[in-house]
Participant: 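Structure below; questions to follow.
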Amino acid sequence: MLLSFIVPCYNEEGNVRLFYDAAVRAIREQTDDFELIFINDGSKDGTLTRLREIARESDACVKVINFSRNFGKEAGIYAGLTHARGEYACIIDADMQQRPEVAMEMLAFLRSHPEYDCVTAYQQERHEGKLLAFYKRTFYRLINRLSEVEFVSGASDFRMFNRKMIDAVLSMSEYYRFSKGLFAFVGFNTYFMPYEAQARASGTSKWSFWKLFRYAIEGIVSFSTAPLRLTTVLGLLFSGASFLYLLVVVLQKLLVGIEIAGYPTLVALILLLGGIQLLALGIIGEYLARNYVETKRRPIYIVRDIIESQAERQP
Ligand code: UDP
Ligand code: MG
């Protein structure tokens, strides 16, 4: 099989049919040797019903992986890659923000440029608020300083890659999956293709500010241990400062006789140090918690059932 499309879907009842039609039309211009893998990530609307209809009626290879609950897009990507049989796999959203035609350009590029293993779409211009853009910029600046792998600002997880890279990504079976980082970590040669995200066909994005914030923390903790070192540095800094202060106090006592100690200074110092200690504990906790969950080796996703189209069932 040449190509696998991997489509994570969460509450996309208004989009999957549109997406299916657009995708099949775009792919058939280049090849008939393809499959569509939809992951129903615990949708609470009619997404599964729509997907069942598509699988029943379709004359193409369609596979619907129905999760037992919502496991998140990253788990969906992993499930899709596990089931993909294609020589190339493409990760694409179901909401029509990412046009299948662009995916087919990626495929054409990869097939004509064997020196590349992956094509990633990135947004040159984003239609989003100044504040959000600022947060995103700060995140990329921070994570690139802290982490050993390179994160490219604006790169989406709309991408196409070859079998070598699929297998490399699958070999990383960690529970906390920060895809952007995993893709950067495996290396290979990536070509960045500019694209413009379309508006959602229907429904709303699942990202809230807090989700994005958690996601950013996730990325940093998954791909850098620098924050842990920060606590050591702070500890050293404060020990040094307190030693100097001790010297000052002793000299004052010997030379001028001591005055009544400053109460506000004391309170401020206690609060400052208490705060820093809590922060340090929190940072250690973030890593410890991940370690804890990771050692339990729980599955990344659980499948309730798999629905296949006629063509997919034939060997
Ligand atoms: N998605 C998913 N599981 C989730 C959240 C989202 O599979 O828990 C899917 C969603 O259906 C869509 C894609 O991931 O196909 C991207 O989600 P969304 O459009 O909300 O993100 P955005 O495009 O705003 O980054
Ligand atoms: Mg979207």
Side-chain angles (χ1 to χ4, degrees), residues 4-23 36-51 54 62-84 89-100 102-103 120-129 131-133 135-136 139-140 151-160 175-183 195-216 218-219 300-304 306:
S4 303
F5 257 40
I6 296 166
V7 196
C9 311
Y10 177 57
N11 295 347
E12 303 283 7
E13 64 177 352
N15 296 325
V16 283
R17 170 64 72 172
L18 281 172
F19 174 83
Y20 170 81
D21 290 339
L36 294 175
I37 303 178
F38 291 94
I39 295 96
N40 177 40
D41 187 12
S43 300
K44 294 179 180 66
D45 62 358
T47 305
L48 183 62
T49 320
R50 293 286 114 72
L51 288 174
I54 290 172
V62 175
K63 180 179 267 183
V64 179
I65 303 173
N66 184 27
F67 280 3
S68 60
R69 62 168 169 84
N70 179 257
F71 280 90
K73 182 181 178 184
E74 309 281 340
I77 293 175
Y78 185 74
L81 288 175
T82 311
H83 283 86
C90 176
I91 299 169
I92 184 165
D93 289 355
D95 57 12
M96 304 290 286
Q97 283 192 285
Q98 306 168 344
R99 287 172 40 238
V102 178
T120 299
Y122 82 100
Q123 276 176 268
Q124 268 175 327
E125 280 172 56
R126 282 171 182 263
H127 306 284
E128 59 192 13
L131 192 64
L132 190 60
Y135 281 128
K136 287 191 174 169
F139 167 72
Y140 279 106
F151 291 77
V152 177
S153 165
S156 64
D157 42 19
F158 178 24
R159 52 177 78 211
M160 167 93 64
Y175 185 82
Y176 284 101
R177 305 191 70 76
F178 188 76
S179 283
K180 279 190 208 318
L182 295 177
F183 294 141
Y195 91 116
E196 201 182 332
Q198 312 292 306
R200 249 177 175 279
S202 94
T204 50
S205 169
K206 278 100 205 165
W207 289 103
S208 63
F209 178 75
W210 279 111
K211 264 196 159 172
L212 270 179
F213 183 74
R214 285 292 322 161
Y215 190 66
E218 190 68 60
I300 296 166
Y301 63 90
I302 294 170
V303 175
R304 182 163 182 280
I306 291 180

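We count ligands from 1, going down the list as the structure has it; atoms in each ligand are counted the same way.
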Participant: Just jot down the ligand 1 atoms closer than 4.0 angstrom to any heavy atom of Asp41, in number order.
Facilitator: 2 (C), 3 (N), 4 (C), 7 (O), 8 (O)
Participant: Can a non-hydrogen atom of Gly72 be found less than 4.0 Å from any atom of ligand 1?
Facilitator: yes
Participant: Between Asn70 and ligand 1, which part of the residue brings a heavy atom under 4.0 Å of the ligand: side chain, backbone, both or neither?
Facilitator: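 Looking at Asn70 and ligand 1, just side chain atoms fall under 4.0 Å.
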Participant: May I ask you to list the atoms of ligand 1 that are less than 4.0 angstrom from any heavy atom of Asp95?
Facilitator: 19 (O), 23 (O)
Participant: Heavy atoms only: give me the nearest Gly181-Phe151 pair and the separation to one decimal.
Facilitator: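 Heavy atoms only, the tightest pair is CA-CE2, 3.5 Å.
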Participant: Could you check atom 23 (O) of ligand 1 against the protein and tell me its nearest heavy-atom contact, residue, atom and distance included?
Facilitator: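 For atom 23 (O) of ligand 1, the nearest protein heavy atom is Gln97 OE1, 2.8 Å.
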Participant: Could you tell me if the ring centre of Phe209 sits under 6.0 Å from that of Tyr135?
Facilitator: yes
Participant: Check ligand 1 against Glu12 and write out every atom of the ligand that is under 4.0 Å from a heavy-atom position of the residue.
Facilitator: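 This gives 10 (C), 11 (O), 12 (C), 15 (O) as the contact atoms.
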Participant: Between Ser68 (side chain) and Val303 (backbone), is there a donor-acceptor pair under 3.5 Å?
Facilitator: no
Participant: Where is the nearest protein heavy atom to atom 24 (O) of ligand 1: which residue, which atom, and how far?
Facilitator: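 Its nearest protein heavy-atom neighbour is Ser205 OG, 2.6 Å.
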Participant: Any idea how Phe178 and Phe139 line up, ring-wise: parallel (<30°), tilted (30 to 60°), or perpendicular (>60°)?
Facilitator: perpendicular
Participant: What is the closest protein heavy atom to atom 22 (P) of ligand 1, and at what distance does it sit?
Facilitator: Trp207 CD1, 3.6 Å
Participant: Relative to ligand 1, is Lys73 under 4.0 angstrom through side chain, backbone, both or neither, heavy atoms considered?
Facilitator: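 For Lys73, the contact with ligand 1 is made by both the backbone and the side chain.
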Participant: Which residue supplies the protein heavy atom nearest to atom 20 (O) of ligand 1, what is that atom called, and how far is it?
Facilitator: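 That would be Lys206 N, 2.7 Å.
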Participant: Cys9 heavy atoms, cut-off 4.0 Å: which ligand 1 atoms fall inside?
Facilitator: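 This gives 7 (O), 11 (O) as the contact atoms.
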Participant: Using heavy atoms and a threshold below 4.0 Å, how should the contact between Pro8 and ligand 1 be classified: side chain, backbone, both, or neither?
Facilitator: both
Participant: Taking the six-membered ring of Phe71 as reference, does the cationic atom of Arg69 (NZ for Lys, CZ for Arg) lie under 6.0 Å from its centre and within 45° of its axis?
Facilitator: yes
Participant: Give me the atom names and distance for the closest heavy-atom approach of Ala155 to Tyr140.
Facilitator: O-OH, 4.3 Å
Participant: I need the nearest protein heavy-atom contact for atom 1 (N) of ligand 1: residue, atom name and distance, please.
Facilitator: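 Looking at atom 1 (N) of ligand 1, the protein heavy atom closest to it is Tyr10 CB, 3.7 Å.
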Participant: Among Tyr301, Tyr175, Tyr215, Tyr176, which residue satisfies the side chain to side chain contact (heavy atoms under 4.5 Å, CB included) criterion with Glu74?
Facilitator: Tyr215
Participant: If you take all heavy atoms of Met160 and Ala103, which pair is closest and at what distance?
Facilitator: CE-O, 3.2 Å
Participant: Backbone, side chain, both or neither: what part of Asp93 comes under 4.0 angstrom of ligand 1, heavy atoms only?
Facilitator: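 Near ligand 1, Asp93 shows its backbone as well as its side chain.
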Participant: Which heavy atom of the protein is the closest neighbour of atom 17 (O) of ligand 1, given with residue, atom name and distance?
Facilitator: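 Atom 17 (O) of ligand 1 sits closest to the protein heavy atom Arg200 NH2, 4.2 Å.
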Participant: Is there a donor-acceptor contact under 3.5 Å from the side chain of Asp93 to the main chain of Asp95?
Facilitator: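 Looks like no, no N/O pair under 3.5 Å.
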